Participant: 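Let me give you the structure first, and then I'll get to my questions.
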Amino acid sequence: MTNNKTKEFKRYTVTSALPYANGPIHIGHLAGVYVPSDIYVRYLRMKQKDVAFICGSDEHGVPITIKARQEGITPQQVVDKYHKINKEAFKNFGISFDIYSRTSAPIHHETASQIFRAIYDKGILAESDSEQYYDEKEQQFLADRYITGTCPHCNNEKAYGDQCESCGTSLSPTDLINPKSVLSGNKPVLKKTKHWYLPLDKYEEKLRKWILEGHKNDWKTNVYGQCKSWIDMGLQPRAVTRDLDWGVKVPVENTEGKVLYVWFDAPIGYISATREWAQEKGTDWMPYWKSDETKLVHFIGKDNIVFHCIIFPVILMAEGSYILPDNVPGNEFLNLEGDKISTSRNWAVWLHEYLNDFPQKQDVLRYVLCVNAPETKDNDFSWKDFQARNNNELLAIFGNFVNRTLVLTHKYFNGNVPKPADFTKEDNDALAKLSEIPEKIEAALENYKFREAINEMMNMARLGNKYLTDQEPWKIFKEDEERVKTILYVSLQICAKLAVVSTPFLPFTADKLAKILNLESFLWEDSKAGALLRSGHSINKPQLLFEKIEDKEIQMQLDKLHKAKEDNKVANNIQALKPEISFEEFQKMDIRTATVLSAEKVAKTKKLMKLELDTGIDKRIVVSGIAEHYEAESLAGKKVVLLANLKPRTIKGIESHGMILMAEGSDGRLHFVSAGNELENGFLIS
RNA sequence: GGCGGGGUAGCUCAGGUGGUUAGAGCGUCGGAUUCAUAACCCGGAGGCCACGGGUUCAACUCCCGUCCCCGCUACCA
């Protein structure tokens, strides 16, 4: 396969991962996906490329129906809420989507149905019956999350059909003891249901050829490596339909109550949104998805690699008439103040709140997120760094250079671009260096190296500052006004180029600067061509491009962050009371004190620790999932509390006799339950 | 445990088909300067390039092993 880097494309289809409409957008999403894609697209537009920049809300799937139930509203109301918040936040932040659509739109249902039907009609999908839980009262099949029951491992009575949140075990609904429907509370029955499967395994060779051979050199190493890992592991057929009433109806006879699986319909949302955009614009959508002369690029986070590099391309291959992505620049994750961003723990900076707290400072966040984007590895965002980047870089380097030039121009020449005398060697050197920068930015952007690109942009301002300082026009104005004219002429050209070059990265600032300079609309090529401002051209009064961010503003954000976390701790970690039990039931449990004699980590596991205990009546082996929280060496001699008459269970080949009682703290760490150190072994707890 | 990505100056990161003194920005220290939002400009200090072996005339770069962080996956109280 050819390396497409060198190929000239006629048009571009650029997509940004569809945000899931059950929560707001945070800085992690922005840094990984939306800021880079927006920079890329703004750059392409400045090069007068034909580009469609596509995004929208991903609105189907079980989590949304659950959130709706919890809040006592309909799924549609849930997605309406977040669609509105996010669409508005993107707009205010300057993410310049050509369209921000949604998967609940009729055109999406139509598109997804058509594509499913096309694959179905070709006989590609495998049909298979399976038994799934059904709620007879509500007359519907139950999603895994809609079934609760007793966990077969830890006896937690509130385990879900997909996972026990008490012990963390992944479950299948049929594993549960005493399953119950969340909808009616009744016992569900197993009922036969039919589903369709996409045979990913049959596309293994095509994927191998396309990715492993064809994109060895132009895809990012993390993306390529992850794909290789998936393909080498062997692909399995994957169900594309499920029993649910929220989603795209399966377009086949007699399939009441079945919808397309959300992972199948979501990426098709890119295509539906493109159609919607083309309709509004009165143009044809097909070339954007079906022409070899179109470059398709998906911007995503690393959690989405498998969907965009394996599954969605297989859907497109199966359908047969679509192009495949030329590149899938997948970024790593952004941390916040050293901790993982977490929606449930409320550890995040939300875009809509940022826009509220820092009005007119979109570019500051855009700059910080781009210059520190998690391109090759996870990165950290801190408010202190945010402040420093603003004060020491944007303001001190970019803003200051522009301001110096403008102030001097007004002071000496009434705000008119002066007429230069002959250029000196220094002038020519500066102009030569200036002319090299746009091409460096270009090369970086074409290769999705956004940090490098934005640094080159800043180098232009650095160049300007150095030139001004070296030439010292304020010192020589009295003796040699002609020379000062040339110096400011050159400085002003640098300002103008800066306005052009910063447009993709800092659109609001670039716009402000262009207005001050009275610069008419411009294209990317103008950053390379000669002078942009003619002698005699008048410029407006200087205006500060950036303002200093003070310590107290930063402290406010830090306080807010920690307060949110505290509030959340209390709200989230106090679990609801379990169902009442009788004293007799309690008495069945033999809980007693014991001492750890020795401990060793169980080989080939991450969490398991094999413990030898002295219970006062015997010495026994217990396997416990504490290896992530305690070192084996630190455990000998530890006083613990043991549930001693739990039925023995073989775990990783070791028979475990009982369970050590642990409490999970709000930080997610496990802590031993203590009966006090003075107690001997074997004392019953009641 | 398997697989993938990463571990380089105080911080955030570049880099390298193996080859003289390992780079940038910010921070820090010193100097210079005053046009400018105490900003800009110059200079210095600061790195066993995670650790241990190996290949080589030469390794931060290649190979093997170990440790740590992140993700996927498995197993799992």
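Naming convention: chains lettered A, B, ... in sequence-line order (proteins, then strands); numbering from 1 in each chain. Every value quoted in this text rests on a predicted model; they were computed, and no experiment measured them.
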Participant: Does B:rU20 pair with anything, Watson-Crick or G-U wobble, both distances under 3.5 Å, and if so, with which nucleotide?
Facilitator: none
Participant: Using atom C1' of each nucleotide, how far apart are B:rA22 and B:rA32 to the nearest Å?
Facilitator: 29 Å
Participant: In residues 448-459 of chain A, which residues come under 4.0 Å of RNA chain B by heavy atom?
Facilitator: A:Arg451
Participant: Could you check whether the rings of A:Phe381 and A:Phe386 sit parallel, tilted or perpendicular, using 30° and 60° as the cut-offs?
Facilitator: tilted
Participant: Using a 4.0 Å heavy-atom cut-off across all strands, classify A:Lys228 as base, sugar-phosphate, or nothing.
Facilitator: nothing
Participant: Within the 4.0 Å heavy-atom criterion, would you say A:Phe546 contacts the bases, only the backbone, or no part of the nucleic acid?
Facilitator: base
Participant: Indicate the ring-plane relationship of A:Tyr448 and A:Phe450, choosing parallel, tilted or perpendicular according to the 30° and 60° boundaries.
Facilitator: tilted
Participant: Got a sec? Which of residues 400-407 of chain A come in under 4.0 Å of RNA chain B, heavy atoms?
Facilitator: A:Asn400, A:Asn403, A:Arg404, A:Val407
Participant: Give the rounded distance in Å between these two atoms: CG of A:Asn331 and C1' of B:rG5.
Facilitator: 13 Å
Participant: In whole Å, what separates the C1' atom of B:rC29 from that of B:rA9?
Facilitator: 15 Å
Participant: Would you check if there is a donor-acceptor pair between the side chains of A:Arg462 and A:Asn465 at a distance under 3.5 Å?
Facilitator: no
Participant: With a 4.0 Å cut-off, would you call A:Glu482 and A:Lys485 a salt bridge?
Facilitator: yes
Participant: I'd like to know if A:Asp232 and A:Arg208 make a salt bridge, using a cut-off of under 4.0 Å between side-chain N and carboxylate O.
Facilitator: yes
Participant: Would you say that A:Gln557 contacts A:Glu553 through its side chain, given a criterion of any heavy-atom pair below 4.5 Å between the two side chains?
Facilitator: no
Participant: Using atom C1' in both nucleotides, what's the gap between B:rC51 and B:rU8 to the nearest angstrom?
Facilitator: 14 Å
Participant: Could you let me know what B:rC3 is paired to, Watson-Crick or G-U wobble, both distances under 3.5 Å, or none if it's on its own?
Facilitator: B:rG71
Participant: Under a 3.5 Å cut-off for both distances, is B:rG25 Watson-Crick or wobble paired, and to whom?
Facilitator: B:rC11
Participant: Scan A:Leu545 against the nucleic acid and name what it touches under 4.0 Å (heavy atoms): base, sugar-phosphate only, or nothing.
Facilitator: base
Participant: Taking atom NZ as the centre, does A:Lys361 end up with more than 12 heavy-atom neighbours from other residues, nucleotides or ligands that are less than 6.0 angstrom away?
Facilitator: yes
Participant: Within the 4.0 Å heavy-atom criterion, would you say A:Ile397 contacts the bases, only the backbone, or no part of the nucleic acid?
Facilitator: sugar-phosphate
Participant: With a 4.0 Å cut-off on heavy atoms, is A:Glu393 in touch with a base, just the backbone sugar-phosphate, or nothing at all?
Facilitator: sugar-phosphate
Participant: Measuring only the P atom in each nucleotide, how far is B:rA24 from B:rG6? A whole number of Å is fine.
Facilitator: 23 Å
